[in-house]
Chemist: 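Structure below; questions to follow.
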Amino acid sequence: MKQFALLTAVVLFAVACQNATDIKDETKTTEAKTVVAGIYPTTYSSSFEMGDMSLADKAVLNSWKNWEANKMDGLSDFFADSVTAFFADGNIFIGKKDSLIALWKTIRAGYTSVVDSVNAYTPLYSTDKKESWALIWATEYNTNSKGVKDTTSFQETWRFNKDGKADFLLQYQRKQKK
């Protein structure tokens, strides 16, 4: 039995080694950076590096803190004059930051309590597009005006213009089980 197991292991190892040589090497080095060609072509970019942490700290975390504290007027400093936002509920906003803040004031007024917990965040820089981005994963615990409590996990992707102001937001959510 031990000989059969050993023989099987040797055959599997030999097959694995032989198959490994059949895989095309699609790795190329440019400017001392290694780029690996993906299985799917990217439609936007696959060239990212760590970005400016102050954008994630100042803009993204402060906007979350202002939402939590119901201080919507504090959001004005973080946004560009024009903003595009795709929200998790399917709604899309394209307009001036003052209109977005007014919308958020109305939504936030429907909650008596909001507590946010940030799971992770990171800044990114698209080297080929020359754009700064920040990603955040967070969980929100809220109570609406009728006393109903809810827990939602969020993932947001923020883009910043050359002045460091947020001008684009993609938001995804998952409701927690009750």
Side-chain angles (χ1 to χ4, degrees), residues 16-17 19-69 71-101 103-104 114-141 151-176:
C17 289
N19 286 345
T21 60
D22 294 338
I23 297 172
K24 291 181 183 176
D25 183 11
E26 296 188 24
T27 303
K28 59 183 176 181
T29 302
T30 58
E31 299 176 20
K33 294 180 184 177
T34 301
V35 178
V36 178
I39 296 171
Y40 290 99
T42 56
T43 59
Y44 177 77
S45 175
S46 61
S47 182
F48 285 92
E49 63 185 27
M50 288 302 293
D52 182 357
M53 186 57 89
S54 69
L55 293 176
D57 286 341
K58 290 178 187 172
V60 178
L61 294 182
N62 277 320
S63 67
W64 272 75
K65 187 51 95 175
N66 282 318
W67 171 267
E68 181 180 46
K71 295 182 179 179
M72 298 297 106
D73 292 329
L75 294 172
S76 185
D77 293 340
F78 308 119
F79 287 97
D81 291 335
S82 295
V83 181
T84 299
F86 292 84
F87 298 111
D89 63 3
N91 286 310
I92 300 170
F93 174 89
I94 301 172
K96 299 292 182 189
K97 72 177 173 183
D98 294 337
S99 298
L100 177 62
I101 292 170
L103 171 66
W104 279 348
V114 172
V115 177
D116 292 319
S117 173
V118 174
N119 307 111
Y121 68 100
T122 190
L124 295 173
Y125 181 73
S126 172
T127 58
D128 57 342
K129 299 289 186 178
K130 310 277 190 253
E131 292 179 337
S132 294
W133 294 83
L135 310 174
I136 184 168
W137 301 336
T139 303
E140 181 174 284
Y141 309 90
T151 303
T152 307
S153 294
F154 286 93
Q155 191 281 315
E156 293 181 342
T157 304
W158 298 63
R159 183 183 68 194
F160 300 92
N161 66 16
K162 61 179 174 43
D163 299 321
K165 304 288 185 173
D167 66 357
F168 186 78
L169 170 65
L170 294 171
Q171 183 185 70
Y172 304 92
Q173 74 180 22
R174 180 178 60 85
K175 295 284 188 185
Q176 300 287 339

Chemist: Stepwise, does the side-chain contact (heavy atoms from CB on, under 4.5 Å) test hold for W104 with L75?
Modeler: CA-CA 10 Å; W104 279 348; L75 294 172; 3.5 Å; yes

Chemist: With side chains defined as the heavy atoms from C-beta onward, is the minimum distance between F168 and T157 less than 4.5 Å?
Modeler: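 They are not in contact (no side-chain heavy atoms under 4.5 Å apart), so the answer is no.
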
Chemist: Looking at CZ of F48 and CG of L135, how far apart are the two atoms once the value is rounded to the nearest 0.5 Å?
Modeler: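 The CZ atom of F48 sits 8.5 Å away from the CG atom of L135.
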
Chemist: Looking at every heavy atom in both E68 and V115, which two are closest together, and how far apart are they?
Modeler: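 Here E68 and V115 meet closest at OE2-CA, 3.2 Å.
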
Chemist: State the NZ-CZ distance between K97 and F78, to the nearest 0.5 angstrom.
Modeler: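 Answer for the NZ-CZ pair, K97 versus F78, is 10.5 Å.
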
Chemist: Write down the atom of L100, the atom of F93, and the distance for their closest heavy-atom approach.
Modeler: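 The pair with the smallest heavy-atom distance is N-CZ, 3.4 Å.
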
Chemist: I'd like to know if K96 and D81 make a salt bridge, using a cut-off of under 4.0 Å between side-chain N and carboxylate O.
Modeler: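 The answer is no: the pair does not qualify as a salt bridge.
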
Chemist: Test your reading of the model: is there a side-chain donor-acceptor pair from Q176 to the backbone of T151, 3.5 Å cut-off?
Modeler: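 Side chain of Q176 to backbone of T151: no pair is present.
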
Chemist: Where do D167 and A80 come nearest, in terms of heavy atoms and distance?
Modeler: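 Looks like CB-CB, 3.9 Å.
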
Chemist: Please round to the nearest 0.5 Å and tell me the distance separating atom CD of Q171 and atom CG of N91.
Modeler: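 Between Q171 CD and N91 CG, I get 10.5 Å after rounding to 0.5 Å.
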
Chemist: Once you round to the nearest 0.5 Å, how far does CE of M72 lie from CD1 of I101?
Modeler: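 Going from the CE atom of M72 to the CD1 atom of I101 covers 9.0 Å.
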
Chemist: Using only atom types and a distance under 3.5 Å, with no angle test, would you say the side chain of T127 pairs donor to acceptor with the backbone of S47?
Modeler: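 It does hold such a pair.
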
Chemist: To the nearest 0.5 Å, how far apart are CG in D128 and OG1 in T42?
Modeler: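 If we round to the nearest 0.5 Å, D128:CG and T42:OG1 are 7.5 Å apart.
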
Chemist: Taking atom NZ of K165 as the centre, report whether more than 12 heavy atoms of other residues, nucleotides or ligands fall under 6.0 Å from it.
Modeler: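 Above 12, so yes.
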
Chemist: Tell me, do D52 and P123 make a side-chain contact under 4.5 Å, heavy atoms counted?
Modeler: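 Contact flag for D52/P123 side chains = no.
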
Chemist: Show the numbers, then the answer: is there a side-chain contact (heavy atoms from CB on, under 4.5 Å) between E156 and W137?
Modeler: CA-CA 7 Å; E156 293 181 342; W137 301 336; over 6 Å; no

Chemist: Taking C-beta and beyond as the side chain, do F154 and I136 meet within less than 4.5 Å on heavy atoms?
Modeler: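 A side-chain contact is absent here, since even the closest heavy-atom pair is not under 4.5 Å.
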
Chemist: Check whether any side-chain heavy atom of F79 sits under 4.5 Å from a side-chain heavy atom of W158, and report yes or no.
Modeler: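 The answer is yes; the side chains approach within 4.5 Å.
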
Chemist: Are L55 and W133 side-chain neighbours, meaning at least one heavy-atom pair lies under 4.5 Å?
Modeler: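 Side chain of L55 against side chain of W133, heavy atoms only: no contact under 4.5 Å found.
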
Chemist: Can you tell me how far apart CH2 (W64) and CG (D116) are? Round to the nearest 0.5 Å.
Modeler: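 So the gap between those two atoms works out to 5.0 Å.
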
Chemist: Heavy atoms only: give me the nearest F160-A166 pair and the separation to one decimal.
Modeler: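 Closest approach of F160 to A166, heavy atoms only: CD2-N, 3.6 Å.
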
